[in-house]
2 protein chains.
Amino acid sequence: MKEAVTDILKHSQLSITESRLKILELFTKHNKALSHADIEKISSKNFDRVTVYRTLQTFVDKGIIHSIPTADNSVMYALCKETCTEGHHHDDHVHFICDECGNTYCLDNIDIPKVTIPKGFSTHQVNVLVNGVCKSCK
Amino acid sequence: MKEAVTDILKHSQLSITESRLKILELFTKHNKALSHADIEKISSKNFDRVTVYRTLQTFVDKGIIHSIPTADNSVMYALCKETCTEGHHHDDHVHFICDECGNTYCLDNIDIPKVTIPKGFSTHQVNVLVNGVCKSCK
DNA sequence: TAACATTTTGCAACATTGTTGCAATTGTAT
DNA sequence: ATACAATTGCAACAATGTTGCAAAATGTTA
Ligand SMILES: [Mn+2]
Ligand SMILES: [Mn+2]
Ligand SMILES: [Zn+2]
Ligand SMILES: [Zn+2]
């Protein structure tokens with residue numbers, strides 16, 4: 001497990017530090033999106049708030065995680081797939097937020113639906129955000 | 001114009017106050033989503049920050065405006081259609097954010113696409129957020 | 001219109017979230 | 001092991017949002 005995490009950092013040409021290892025491990029262990037607050041709460045070691053902010057920003061920059069817009073405008077982050085690289089995110093998948101447990105999941109298997117846009121408008125990116133009840137909470 | 005605004009407040013059983021009139025007028029005049037900061041900036045009279053927060057919350061509660069999730073997790077608000085009522089929002093439309101001018105628009109004419117969700121999941125609400133370039137900026 | 005009851009506002013104080021500069025520490029390469 | 005570069009933690013600050021309460025505005029009734 002720790003191997004995989006180290007490899008991700010190396011692959012992104014990031015130096016291997018305790019904060020990066022621990023925080024990235026949280027993402028690989030929990031199969032769901034995490035907020036800054038989540039990370040501070042569930043992390044064994046108490047990193048400085050600033051370190052967590054900077055680590056998350058670094059991961060986003062490097063294409064390791066992506067941020068997720070949510071209906072309540074809290075900031076969530078989740079692991080990217082291999083296709084994302086520095087400066088080039090391709091997180092075109094549906095995000096599902098369970099109104100029961102509050103967990104946010106990336107639904108990678110679902111196709112992003114085609115959205116028709118008015119004449120004269122052009123599309124860069126489509127975010128689809130579904131609220132509902134997840135499998136475990138049903 | 002001011003008539004319409006007054007009517008909306010009456011219809012929602014809200015007392016007619018200067019803050020509510022002015023803030024609601026901003027939404028009817030500007031045909032786009034507004035943030036808390038926008039309102040403080042463009043409003044002629046300088047309302048207290050707290051008043052703006054409370055007015056926006058009241059409008060959301062009453063089904064007059066709805067909040068919009070955005071990719072950068074800033075909080076935006078836009079006018080609801082007539083179908084929204086106290087405690088019952090029906091803002092099932094696409095939101096478009098222009099990456100040039102930064103404006104956010106509600107696309108009411110576009111159909112919300114059908115999203116297929118994995119077995120065992122159920123859907124309450126779908127938010128579709130499109131980033132791109134708007135007609136005026138093209 | 002005037003008096004009253006109710007609601008809303010503005011202020012102050014506080015809480016939460018995020019940012020920046022800088023010195024001390026840690027990681028990497030020689 | 002040493003030297004250099006990058007990262008961390010701290011402090012201070014900025015931005016955003018919340019709460020309690022007294023003053024002011026609004027709606028209601030007489
Ligand atoms: Mn995702
Ligand atoms: Mn809308
Ligand atoms: Zn759930
Ligand atoms: Zn535009």
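Side chains are part of it too, since the values below use all heavy atoms of this structure and drop only hydrogens, waters and symmetry mates. Below, chains carry the letters A, B, ... as their sequence lines are ordered, and counting in each starts from 1.
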Trainee: List, with names and distances, any nitrogen or oxygen atoms from the protein found under 3.5 Å away from nitrogen or oxygen atoms belonging to nucleotides 13-18 of chain C.
Mentor:
residue : atom : partner : partner atom : Å
C:dG18  : OP2  : A:Tyr53 : OH           : 2.6
C:dG18  : O5'  : A:Tyr53 : OH           : 3.3
C:dG18  : N7   : A:Arg49 : NH1          : 3.4
C:dG18  : N7   : A:Arg49 : NH2          : 2.8
C:dG18  : O6   : A:Arg49 : NH2          : 3.1

Trainee: How many whole angstroms separate atom CG of B:Leu21 from atom C1' of C:dT9?
Mentor: 14 Å
Trainee: How many Å lie between CZ on A:Arg20 and P on D:dA6, as a whole number?
Mentor: 11 Å
Trainee: When clusters are formed by joining ILVMFWY residues with side-chain heavy atoms under 4.5 Å apart, either directly or through shared neighbours, do A:Leu26 and A:Val60 land in the same one?
Mentor: yes
Trainee: Without decimals, in angstroms, what is the distance between A:Phe47 CZ and D:dT8 P?
Mentor: 8 Å
Trainee: Provide a list of protein-nucleic acid N or O atom pairs under 3.5 angstrom, restricted to nucleotides 22-30 of chain C.
Mentor:
residue : atom : partner : partner atom : Å
C:dT28  : OP1  : A:Ile16 : N            : 3.0

Trainee: Test your reading of the model: is there a side-chain donor-acceptor pair from B:Lys62 to the backbone of B:Ser12, 3.5 Å cut-off?
Mentor: yes
Trainee: Check which hydrophobic residues are tied to A:Leu129 through side-chain heavy-atom contacts below 4.5 Å, counting indirect links as well, and list them.
Mentor: A:Ile68, A:Met76, A:Ile97
Trainee: Measure OH/B:Tyr77 against P/D:dT16 and give the value in whole Å, please.
Mentor: 13 Å
Trainee: Without hydrogens or angle criteria, can the side chains of A:Arg20 and A:Ser15 be said to hold a donor-acceptor pair below 3.5 Å?
Mentor: yes
Trainee: Does B:Ser43 reach the main-chain N or O of B:Glu40 with its side chain, forming a donor-acceptor pair under 3.5 Å?
Mentor: no
Trainee: So, A:Thr58 versus A:Asp61: side-chain donor-acceptor pair below 3.5 Å or not?
Mentor: no
Trainee: Scan side-chain atoms only and decide if A:Thr55 and A:Thr51 contain a donor-acceptor pair under the 3.5 Å cut-off.
Mentor: no
Trainee: Could you pull out all residues at least two apart from B:Phe59 that satisfy ring-ring contact (aromatic ring centres under 6.0 Å, His included)?
Mentor: none
Trainee: Without decimals, in angstroms, what is the distance between A:Gln57 CD and D:dT7 P?
Mentor: 13 Å
Trainee: Any side-chain donor-acceptor pair under 3.5 Å between B:His95 and B:His93?
Mentor: yes
Trainee: Starting from P on D:dA15, measure out to CD1 on B:Ile39 and report it in whole angstrom.
Mentor: 19 Å
Trainee: So how far off straight is the helix from C:dT1-D:dA30 to C:dT30-D:dA1, going by the axes through five pairs at either end, to 10°?
Mentor: 30°
Trainee: Which hydrophobic side chains are connected to B:Tyr53, either touching it within the sub-4.5 Å cutoff or through other members that do?
Mentor: none
Trainee: Roughly, in whole Å, what's the span from CD in B:Gln13 to P in C:dT7?
Mentor: 12 Å
Trainee: In whole angstrom, what separates A:Leu9's CG from D:dA6's C1'?
Mentor: 14 Å
Trainee: Do the side-chain N and O atoms of B:Asp99 and A:His124 include a donor-acceptor pair separated by under 3.5 angstrom?
Mentor: yes
Trainee: OP1 or OP2 of C:dG10 versus the side-chain N and O atoms of B:Lys45: is any pair under 4.0 Å?
Mentor: yes
